[in-house]
Amino acid sequence: TSADAATKTLVISSDLPLQGSSFDSNDSTNKAIELYLKSIKYKAGKYTVSFKKYDDATAAAGSWDAAKCAANAQAHVANKNEVAVMGTYNSGCAKIIVPVLNQDPKGPMLMVSDANTNPGLTKAWNPGEPDVYYPNGVRNYARVCTTDDNQGSAAAQFAKSIGIKKVYVLNDTQTYGQGVAQAFTTEAKKLGLTVLSSGVAGDGWDAKQSDYTALFTKIKALEPEMVYIGGIFDNNGGQLVKDKVNVLGDNTAVKMMGPDGFTGYPDLNKMPEAQGMYLTFAGLSTDLLLANDPKGAGASFVKNYKKAYGKDPVGSYPLYGVAAVQVILAAIAKSDGTRKGVNNAVFSGSGISIPAKQSVLGKELKISTLSGDTLAKDITVEVIKNNDETTLKAWTVK
Amino acid sequence: MLKIDNLQVSYGNIKAIKGISLEVNEGEIVTLIGSNGAGKSTTLRAISGLLKPRGGSITFLGERIDGLEGHDVVKKGITHSPEGRRIFPRMTVEENLDLGAFLRNDKAAIAEDKERVLELFPRLRERISQKSGTMSGGEQQMLAVARALMGQPKLLIMDEPSMGLAPVLVDLIFETILKINKQGTTILLVEQNALAALSVANRGYVLESGVIKMSGNAKDLQSDPEVTKAYLGG
Amino acid sequence: MANKSYKARQVRRAIFERTFGIAILAMLSFWLIVNLIKAPSQFAEVTLIGLSNGVLYALIALGYTLVYGIIELINFAHGDLFMLGGLFSAHFIALWFHQTKSSPMGWLVFFLALISVMVFCAGVNVFIERFAYRRLRRAPKLAPLITAVGVSFMIQFVGLRWNGSGQKTWNSVLPHGSVMLGSVKLPYTTLISFAVTIPILIALTFIVTKTRQGKAMRATAQDQDASRLMGINVNGTIAFTFALGGALAGVAGLLFQQTRGLTSYNLGYQLGLIAFTSAVLGGIGNLQGAVLGAILIGLIQGLNDGLPIGLGQQWSQTVVFSILILLMVFKPAGLLGKQVTEKV
Amino acid sequence: MSSILSAENITVEFGGLVAVNDVSFDIPEKGIVSLIGPNGAGKTTFFNILTGLYKPTSGHVMYDGQEITALVPHKIAAAGVARTFQNIRLFGSMTAEENVMVAMHSHLKASLATTILGLPSQRREERAAHEEARALLEFVGIGKTAGEFARNLSYGDQRRLEVARALALRPKVLLLDEPTAGMNPQESSVFVDFVHRIRDEKGISILLIEHDMAVVMKVSERITVLDRGEKIAEGSPAEIKANPRVIEAYLGKGVGAGH
Amino acid sequence: MAISFLKRGEKKQKQSASARKWAISLTLIALAIWAFFTYFFDKTPDAVQSWFQVWLPPSTINESLVWVICALGLNIVVGYAGLLDLGFVAFWAFGGYTAGWFMSGFFHQVNIHFGSMSAKVIPGIHLSFWLVMIIAALIAGFFGIIIGAPTLRLKSDYLALVTLGFGEIIPQVFTNGENIGGFNLSNGTKGISPIDAIGVFGKRLGPFDLGWKFLIYFFLAACMVFVSLRIRGGRLGRAWLAIREDELAASMMGVPLMRTKLTAYAVGAFSGGIGGAVYATHVNGIFAERFNFSISIILLAMVVLGGMGNVWGVIIGALLMAWINATGLPAIGDTFNNTFHTAINFPSYNFLLFGGILVLMMLFKRDGILPEARLKMISHENDDEAANTGGH
Ligand SMILES: Nc1ncnc2c1ncn2[C@@H]1O[C@H](COP(=O)(O)OP(=O)(O)OP(=O)(O)O)[C@@H](O)[C@H]1O
Ligand SMILES: Nc1ncnc2c1ncn2[C@@H]1O[C@H](COP(=O)(O)OP(=O)(O)OP(=O)(O)O)[C@@H](O)[C@H]1O
Ligand SMILES: [Mg+2]
Ligand SMILES: [Mg+2]
C-alpha cells in the first residue's frame, strides 16, 4: 500500500486572514509558500503534495472571523486528501480550529502555526490550558515561533542590563500584545525594576484612536527611562512611535522597546522617530538573514522571492510560514501519508528537526514532541539604526 | 397663456389624470372644481413641475413647460401655493416670506410687497418672528397665501387657499384674489368652496375622476343644476 | 388635589433630574480639579491636545451634519471620504511633488494640496450623491443608510488598493517643534490646525446663514417640494451641500495626514464614528453644535488619556459614549438642539 | 344636565404668548357643543389641554368626576376622551381596520405570553376586536375600505376613518377638530347627520371645532366663541349669530359666511 | 355586512392555512437537510461532497441560522417598532458571554455542574445548553430594557446614536474585562474557549455533529419566527406599527409609548441573546474582537435587504448575506480562477463586491427581496414618472 500512497497527492493548506489590514503580510506568506513548494518540486519524501489556501477572514468583519475559523476547521477535516494545516495567524482562530482538528476521526490532523504566540495553546497559562484544546488527549498543534512569555522576559532582562530602572509598559489590548506586556511586567518586577504603569500588562493603547500625545503626556510626568510597547505595528504602532518621540523626546533620551510585532516593517524602520528603538525578535529577521549568511537557505530564498515577485516579502511572517511548511513536509516525509501518521511524526519518536543548512530561519529548527513549541528560545535584540533593523546581541532567556 | 392638452398623470400604476385639456387666458380667473380625489391637486402639481406627466403637453406663454424641473417652471413666472400649506415649519414667518421672493432681486420692491402682505394679514405681522410650525392651522394658511403673493408671478396657482380659515378671512382671501387679478395676475384656483370660487372666477372646469366633465362660463356653471347638486350642497 | 400631586410629581422629578445632573457635574469637576492641582501644566498641555483633536473632528462632523441636515441621511461613507482625502494629500505632497520636509516649496505644495484635496473630495462626494443617493430621495430612510454602508465599503476598497493593507507613515511639510507658553508646549502643528480650521468654520457659517445658497439649503432641508415651488434648484442645492461636506472632509484629511503623518485604509471608520457622535451630541443638523460636540469629545478623550488620574486610553470609547448617553438623557435633542413640542 | 368633561380656568402660555387665558368650559353629558373663533384663537390648544398633550400653566380638567389634568395622554384616551386631528394623523401604512384596532389597545387584555401562545382567550378577543372594528367602519360609512391602507383613502374617507378610530376607544367624549375641512358643502351637510347619529346611537358627548358656519349652526346645541385666548361669547346658535362682537371678530358678512 | 364578515373569515382561514403550509414544508425541508447531512452525506460521491464543501458547507448553513435568529430580533426593533438600533451587537455579545460564563471552565474557582455534557469533568460552571439559552435570553432582554429606558424620550436619530453608543461600550467592557477592579469578567481579548458541547437526548454533540446542531438552531430560529408572527398579528404588534407610523397619534389612541417601546427592545434583545449563545456553541468559543460595529450594520443590512418587517424576507436576507459573506464570495472567486485559469486575488476585491451588492440592491430593489406590503407601497408611490412629487 505504500506504493499506492506514493501515487496519491497529499494536500497541505494554509489558513490565514486574507482580508483587512493583515492582507499584505499573509498574501506574501502564501506566495512564499507557493514559491518554496515549487522550488522543491512539490515533493515531500516519496509523496507529492499540493497546496490549498483558506481564508479565515470575511469581508464584513475585515479581519479574522470566528465563524469563518469554525467553518474552515470543518472544511479541513472534510477535505479528504488534506493532511496538515499551516496557520493560523491569530491565536483566537487557532483556539477554534485546533480542537476540531484534534477530534478528527481520521486524525488528529496536524496544524503548524507561523504566528501564534499565545502561550496557552501549548503550555499551562490560563486555568485549564492547554488541555482544553486537545479533547482527544493527543497533541496536534505545533508552532515555529516562540511564545510571548519568552520575548517579554528577555526584553525585561535586556532592559535591566542596559541600566534601566523605571519603565512604563503599554499594550495594544490584544491577545498577543497583552501577553508580551504581561511577561515583561512580571519579569521586570522580579528583577527589581520600577514599573510605573498599573495593571498586570500595563496601560492599553487603543488602536482605533488616532492620537497618543495625551497618553504620552501622562507618561512623561512619571519620568520613565524606558517605554515598553507590547503589541503589533499594525495596531497603529506608527502613530504610537511618532507620538512617543513627539512628547518624550527621541529614543536616546527615553528608550523605547517593542516585541517582534514591530519587526519586519520597512515603514517603521524608515521613520526618523523609530531610530534607536530596541526590538526583540524570536529568531532572525529577514534582513538579517541576508546580511549574516548570504549563502544560507533563508537568504537565498528571499533572493528567489524577490526575483519571482519583484519585491521583498512583507514582514517576517512569510519566512516563518515557509518554516512551518518545512516542518509539515518533514513530517509527511517521515509518515505513512495519513493524517494520523503525519501528526505522529511530529509528536512521537525523535520528532521533527530541520537542520540549520536547510532551515529558512537560519538556524536549526526543532519542535518539542511534548508541547509542539519550537525549542529555539533564542531571542535577538535589535536596534533600529540607519533606517534598518540591526542586530545588537543574541539573548538566551534565563 | 396656459394651455394643457390631453394631460395624463399617474402615481405608480394608478392613473390619476386621464387626458384632460384646459386653457387659462391672460388676465382671467379660472377655477377647477370637483369632489375629493378628482385629481385637481394632481393637475396643479403637474403644471408646476412637481410631477412628470405621462402624456400630453403643457404650454405656458407659447413654451412647452412639461418636463421642466419645478424651479425652472417658477422662473417662467408660475407660482403655486400648494395644498396643505407646506410652509417651512422651522423657519420664522419672515424667513418664509423671504423665500417666497427667492428668485427676485429687486430688494426695494420685495420690501414693498412684504409690507403689503403684512398689511393684508396683520396677524402675520404680530408673529413675524415666530417659528411658523408652531402657528395655528389658519395662521399657517395665511402665511402660505402671503408667501405665494410674494412671488409676483404672471400666473398664480392656488390650491384650496381658504381651507381652515375663519369666515372673515375667507372673505378676505377672495377679495384679495379679485384685487391681484385686477392688478394683472392671472389666477388658476382650486376650491372646495365651489360657490365662492365660481363667484369670483371668469370660467370654470369641473373635474371628475381624472377627466373633465363640464366646463364653461362661471355664471353658467353656478346655475347648472347638476353642479349645484353635486358640489354646492344645494 | 390630584393636580397638586401632579405638580408635586413634576417638581420632584425636576429636582431629581437636577440633583442627578449636578451630581455628575460635581464629580466631573472634582476629577478635573484634583488633576489640575496635581499637575497643572500637564493639564494645560492635555487640554490643548484635546482641543486640537477636537477641531479636526469638527471638520469631519460638519460634513456629517451638513449632509444630515439637508437630506436626513446618516452618511456612513463620510468618514471614508476623509480617509480618501488623507491618502490623496499624502500622495499629492510626498509622491507627486516630492515634498518631505518643511520648506517654502513645501508650504506652497501644502496650499496647492489644500485646494486640490477640497476639489477632489467635493467631486467624489457629489459623484456619490448623484449616483447612489439621489435615486433614493423618496425611499424609506433606511435604504439610503444601507447604501451609504455599501459606499463606505467601496471607498475602503479604494483605500485598500491605494494605500495597501497596513498603515503608512509620511513625513510632513509642516514644521516640527513648538512654542513654549510658560511651561506649556504648544506644537506648531496645533497652531496650524487652528489657523486652517477656524477661517473655514467662519466661512461655512457665513455661507449657510447669510447667503442665498444657504437660504436654499435650509429651505430644502425642511421641505423639498415647497422649495421647488419657491424656485429653488433642489438637486443643485443638495449637490452643493455634498460638495461642501466633501471639501471639509478633504481639508480634514489633509490636516490629519500632515499633522499626524499617517494614512490607513480603515481610518475613516473610527473618525467617522466620532464625527457622527459629535454631530448628534451637538444637535444634529446644527453647525455650531457639531463644532461644540467635536471639541467636547476631543477634550474628553484628551483628558481621559492624559491626566494623571483617569481611566486610561483603553476606556476612552466607553467614557465618551457614557457621557454622551447621560447628556442625551438630560438634553434629548443634543446640546444646542431645541426640543420642539409638536403642534397638532 | 350634568357635565362629563369640564375645564376650569385654563391658562396656557407659550413663552410670552398667552394662547388660552382663564377659560372655563364644560361639555354636558350627551350634548353637542362647538368651539369657534378666529384663527389662532386658541381652540386647538384648548383641545390639546383636554387630551393631555399640553399641560396648562394653570387650571384643571375634570372628567367624569375625576381630575385628569396630570395624566399622560394615553391614560386620558383610555379613560374615554377621544379626538381627531386638525391635520389628519392616521397610521398611513396600516389598513383602515388596523387603524381602528390600534385604538382598542387599552380595552384588549392579551399579554405578551398569551399572544405568543395563542391561547383561546386571546383568539376570542382578537376575533371580537375584528368584528367591532368592522362594525365601526360600517357605522361611519366606509365598511368597504377595511382592507385598504389608510393613506390611499380619499380625503373625506380619511376624515371618517379618524372618527371611527376615535370611536374605537369607546369614549364618552369625542373631540372633533375641523372635521369638514376639505369636504365640499355637499359632504359637509351629510356630516351633520352623522354627528347626530354618533350622539344618538352611542350616547357620546361631542365637542366640535369648525369654521364652516353652516355646519356649526346646524349641529350645535351650544356654541362657545374664543378670541385671542379669551372666551368672548357663549350661547345658542341663534344668540351667537346675532352677537355683534362675534360678527365683527369672526363671522364677517361676505361670501364666506354666505351659505 | 354579514357577507363581508364571511369573506374576512375565509381570508383569515386561508391565511392561517397558508402559514401552516409554510411551517410544515419548512419543517420537512429542515428534516431533510438534517437527515442528509447526518446520515447520507458521507455516502455520497466525492464530487457531490466537494461541491457542498465549496458552495454550501454545513457549517455555513448553521452560521446563517445564527444570523437569522439575530436578524429576526433586530427586525422586531427596527422593522416592527421602527426604532433604529445601531448597537444590536451588544445583545449578541451578552448572549455569547452568557454561554462563555456558564458553559465552560471559565469560572475555574467554582465547580458547578448541571445537566451539562462536557467531555471531561473540569472545574467551572457547566450548565445545560437549554438552561443557558434561557439565561442568555433573559440577561440580554434585561439589558435591552436597561438600554432602552434612557432612550425613550429621544427622537429617532438620537436614539440611533445612543444604541450605537451602547454597541461600542459593551464590547469594550468585554475587551478590557480581564481585570475590572480585580475581577475577570471576560478573559479580555484572549476570549473564552472552548464551550461545552450541546446535549440532546443524552447525546453529546461533538464538532462533527453538524446535522444535529442544524436541527437545534433551526428549531430556535423557528421559535423566533413563530414569536414574531404571533406578536405581529396581535395587540402589541399593532401598537408597534402605530408607534412606527405616528408616535403622537398612537399615544392619543391609548397606546402607552414607554411600555410598548421597551417591550420591543426587550423582545428584540431576547432573541439577540439566544443568537449570541447559539453563536458561542457554533464557533465553540467567544472572542471580544468579534463584537464590533460592523456586525450591527450587517444585521441591519440583512433586515433592510430582506424586506423590513417581513419575517420571511428578513430570513432570506440573513441567509443570503451570511452565505455571501462566509462562502459565496470566496467560492465564486475560486471557481472563477479555476475555470478561467486566472490568478485574480479575489479576497482583495471583497470589500468592493460586498459594498457593490449593498448599493445595487438598494438602488434597484430598495424595499428588499420580499418587501412587506406596506413598505412596498411607501417606496413606490412616488416612483419614476412621479419622481418629483410631494411625499405626504
Ligand atoms: N402621492 C400619491 N400616491 C398615490 N396616489 C395618489 C397620491 N396623491 C393622490 N393620489 C390619488 O390620485 C387621485 C387624485 O388626487 P388629488 O389629490 O389630485 O385629488 P383632489 O382633486 O385634489 O382631491 P381633494 O379635494 O381631496 O384635495 C386620488 O385618487 C388620490 O387617491
Ligand atoms: N407650541 C406653540 N408654541 C408657540 N405658540 C403656539 C404653540 N402652539 C400654538 N401657539 C400659538 O397659540 C395660538 C393658538 O393656536 P391654536 O392652534 O390653538 O389656534 P386655533 O384656534 O386652533 O386656530 P385655527 O382655527 O387657525 O386652527 C396661535 O397664535 C399659535 O401661534
Ligand atoms: Mg387636492
Ligand atoms: Mg386649530
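Numbers restart at 1 for each chain; the letters A, B, ... are given by sequence-line order, proteins then strands.
Across A:Asp104, A:Asp55, A:Thr173, the residue that shares the most heavy-atom pairs under 4.5 angstrom with chain E is A:Thr173. Most heavy-atom pairs under 4.5 Å with chain A: of the set E:Gly285, E:Ser193, E:Ser294, this distinction falls to E:Ser193. The choice from E:Phe293, E:Phe354, E:Phe52, E:Phe208 that makes the most heavy-atom pairs within less than 4.5 Å of chain A is E:Phe208. Of the listed residues (E:Asn345, E:Asn325, E:Asn284), the one with the most heavy-atom contacts under 4.5 Å to chain A is E:Asn325.
With hydrogens and angles disregarded, a donor-acceptor distance shorter than 3.5 Å links the side chain of A:Gln74 to the backbone of E:Pro207. A donor-acceptor contact shorter than 3.5 Å links the side chain of A:Thr175 to the backbone of E:Thr189.
Interface remark: E:Leu353 contributes no atoms to any contact with chain A (heavy atom separation under 4.5 Å). Residue A:Asn79 does not touch chain E at all, counting heavy-atom pairs closer than 4.5 Å. Of the two parts of E:Pro330, only the side chain, counted from C-beta on, holds a non-hydrogen atom closer than 4.5 Å to a non-hydrogen atom of chain A. Using a 4.5 Å cut-off between heavy atoms, E:Asn62 does not touch chain A at all. For A:Gln19, the part sitting under 4.5 Å from any heavy atom of chain E is the side chain, from C-beta outward, and nothing else. Only the side chain of A:Lys80 comes within contact range of chain E, with at least one heavy atom under 4.5 Å from a heavy atom of that chain. Contacts between E:Tyr279 and chain A at a heavy-atom distance below 4.5 Å involve the side chain alone, from C-beta outward.
The distance from the CG atom of A:Leu18 to the CZ atom of E:Phe346 is 14.0 Å, given to the nearest 0.5 Å. Distance check, rounded to the nearest 0.5 Å: CD1 of E:Ile324 to OG1 of A:Thr58 gives 12.5 Å. Between the OG1 atom in E:Thr175 and the CD atom in A:Gln178 there is a gap of 9.0 Å [rounded to 0.5 Å]. Within the model, atoms CH2 of A:Trp64 and CZ of E:Phe287 stand 5.0 Å from one another, a figure rounded to the nearest 0.5 Å. For the atom pair NZ of A:Lys95 and CD1 of E:Ile286, the computed distance is 13.0 Å after rounding to the nearest 0.5 Å. Atom-to-atom distance recorded for E:Asn176:CG and A:Asp206:CG is 8.5 Å, nearest 0.5 angstrom.
Across every non-hydrogen atom of A:Ala78 and E:Gln53, the tightest pair is CB-NE2, 2.9 Å. Minimum heavy-atom separation, A:Ala59 to E:Phe351: O-CE2, 3.4 Å.
The number of heavy-atom neighbours closer than 6.0 Å to NZ of A:Lys340, taken from other residues, nucleotides and ligands shown, is 12 or below.
Looking at A:Lys208 and E:Glu168, a side-chain N of the basic residue comes within less than 4.0 Å of a carboxylate O on the acidic one, giving a salt bridge.
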